[in-house]
Amino acid sequence: MVSIDDLELLNSLRGGNKAALDSIYTRYFNSLFQYGMRMLQDEDAVHDCMQDLFVNLWVKRNKLPDINNLRNYLISSLRNGINNFRLSEKKHESVQLNGEDHFDLKFTVESELIKKEEHNEKAVKLSVAMNKLTARQKEIIYLRYFEEMDYSEIAGVMDMTIKGTYKLSARALESLRLIMGVDKALVLAMLLSLKN
Amino acid sequence: MNKELYQFYSIEDFLQDNNFIRYVKSRAEADVSFWELWISGKPGNIDAYNEAYAQLLMIFSHQEIPVPHGFQAALWIDINKSIDTIENKRRKSTTYLLWSSSIAASIIAGIFSVWYFTGNIVVHTDYGQTKNLKLTDGTEVILNANSTLSYPRAYAWKKIRSMSLEGEAYFKVNHLNQDTHNIKRGEAFEAVTGSVEVSVLGTEFNLKQRHGIALVGLINGRVLVKSIKTGKKYVMQPGNVIKVNSADGKIIVNPQGSSTQSAWVDGKLVINQTSVKEIITAFEDLYGYKIILDNPALGNKKIDGSISIKSEQNLLFTLSSILNVDIKREGKVIRLQTRP
């Protein structure tokens, strides 16, 4: 889905209109902030990564690739920036806290809707299992349901081949099945939902 | 939405269906009644529906992360600062390229220190654009369209924090002085234009310098205005507006038609017995057009009220309906033609 506005904004940006940068910033601030905070859980670091993203967008406006979806391009660029930031942090840190990166997506049975509608143990079980998903698995779920991307968009943003995403799904499937001890079909359902 | 199709849906079908996702996520009234009706038909796959519903509820139980207060605005300011720094460096670097690299290294070091300690930061806004600046001393400046503000790079280190302006800006000067009888280094602030010097300790005021005329509007605190031509001084009280013409340097207090100088900060132009000519000049200054009145007598008409200047369309539309004229655009020239 490409909105005409985004294309106009990009053309205007390429033409050197600073107001276009302002509009892009205002339009995608929240999306990028949410995603950044989930990746990094550190306001200052998110501030720096977002600053780099927008400064580069402006400074390199004449060298931008063809962009047919501005939001996906921004999220994907922010993700690259965050990965570089993590790499440089790891280099400087003598003590590694824990090897795996984190993606902040906590599921809870405390939400009003669930309280109202689901009293049973299954909800608790499901939340436990979903909270044990790996960072990348959570990231896929986040992009699918919160940013409403389709499967190929997710593969693009996360810089994965479709095959790689399948492998990831297969592993997630297996681990979820073990954690929940439930019917394979049920778990399949959740993971297949990530497919387009 | 195809009701017939849903009865064949499995859990995974539901979890992929954008209509279903939207229903669980936002529970819009129309969606709720659609699905309630669908359930009332006792579909055979109600278990799949319930399971998918539970999973999605769980996924959407995750809350948005609240944005810390001021984060978005502060980040935008930092982005602009960083861009300005890079662009200034770039401008410099093109001249550096003229030098051979060995000599250049020493010269660059020299130029850099001069640049740092004596150099100015220049901030410019294009037509139709405003900028918010926050300085290291906490002072905030909102720069209106088609304006240029410059100040020393080492601004906060100077004896007097000084800025010069061409165009229009709203200043919120951070008050650093505690003892008015003993003003220390860096506590005084002045804003200078072609016609006036405005000296303050801490206050809010609007300053405009266009076409050889300065207008100062004081919002809070007290400021001292000095006419550059005559050297005469005037201490302003809040609510005062002062007009200084650089040709004769005369200070006029509360000139007619000059109320609420700072309304532009909120995207408005508040006018009080202001002539159409003056409004048109303001529009030309902000948006970079040339406006021609077919009937020049209209220019002397005086109007009152508040006009939105957030977009050029707004302002033009208001003007055309007040004056009962048609708008004709020819590139950067706008003709206001009296309706037949």
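Proteins come first, then strands; the chains are lettered A, B, ... in the order of their sequence lines, and each starts at number 1. Computed from a prediction, not measured in an experiment: that's the story for all the values here.
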Toward chain A, the part of [X] with a non-hydrogen atom under 4.5 Å:
{"X": "B/E64", "value": "both"}
{"X": "B/N18", "value": "side chain"}
{"X": "B/I86", "value": "side chain"}
{"X": "B/I21", "value": "side chain"}

Item to complete: For residues 140-150 of chain B, pull every pair meeting side-chain hydrogen bond (donor to acceptor under 3.5 Å, both in side chains), keeping only residues two or more places apart or in separate chains.
Response: B/H124-B/T148, B/N144-B/E168, B/S147-B/R210, B/S150-B/S164

Worksheet item: Are there more than 12 heavy atoms of other residues, nucleotides or ligands under 6.0 Å from atom CD of B/E29?
Response: no

Discussion item. Other residues, nucleotides and ligands only: do more than 12 of their heavy atoms fall within 6.0 Å of NZ on B/K134?
Written reply: no

Practice prompt. Side chain from CB out, backbone as N, CA, C, O: work out which of these in A/Y142 comes under 4.5 Å of a heavy atom of chain B, or both, or neither.
Written response: neither

Practice prompt. Return the set of residues passing ring-ring contact (aromatic ring centres under 6.0 Å, His included) with B/Y9 (not counting sequence neighbours), or none when no residue passes.
Written response: B/Y6, B/F14

Fill in: Side chain proximity check, B/T125 to A/K18, heavy atoms < 4.5 angstrom
no

Discussion item. Quick one, A/N17 and B/D126 - any side-chain contact, counting heavy atoms below 4.5 Å?
Written reply: no

Worksheet item: Can you pull out the residues in residues 30-38 of chain A with any heavy atom less than 4.5 Å from chain B?
Response: A/N30, A/F33, A/Q34, A/M37, A/R38

Discussion item. Is there a side chain to side chain contact (heavy atoms under 4.5 Å, CB included) between B/I65 and A/D104? Walk through the geometry before answering.
Written reply: CA-CA 10 Å; B/I65 297 167; A/D104 181 22; 4.1 Å; yes

Discussion item. Taking A/E148 first and then B/R22, would you say they form a salt bridge - that is, a charged N and a carboxylate O separated by under 4.0 Å?
Written reply: no

Practice prompt. Can you see which heavy atom on B/F71 is nearest to which on A/E43, and at what distance?
Written response: CE1-O, 3.7 Å

Discussion item. Any side-chain to backbone donor/acceptor pair from A/Y25 onto B/I79? Under 3.5 Å, distance only.
Written reply: no

Return a table of donor-acceptor pairs under 3.5 angstrom between the side chains of residues 45-58 of chain A and protein atoms on other chains or two or more places apart.
| unit_1 | atom_1 | unit_2 | atom_2 | d |
| --- | --- | --- | --- | --- |
| A/H47 | NE2 | B/D78 | OD2 | 2.8 |
| A/Q51 | NE2 | B/D78 | O | 3.4 |
| A/N56 | ND2 | A/D52 | O | 3.3 |
| A/W58 | NE1 | B/E87 | OE2 | 2.7 |

Worksheet item: Going from CH2 on B/W76 to CG on A/D22, what distance comes out if it is rounded to the nearest 0.5 angstrom?
Response: 4.0 Å

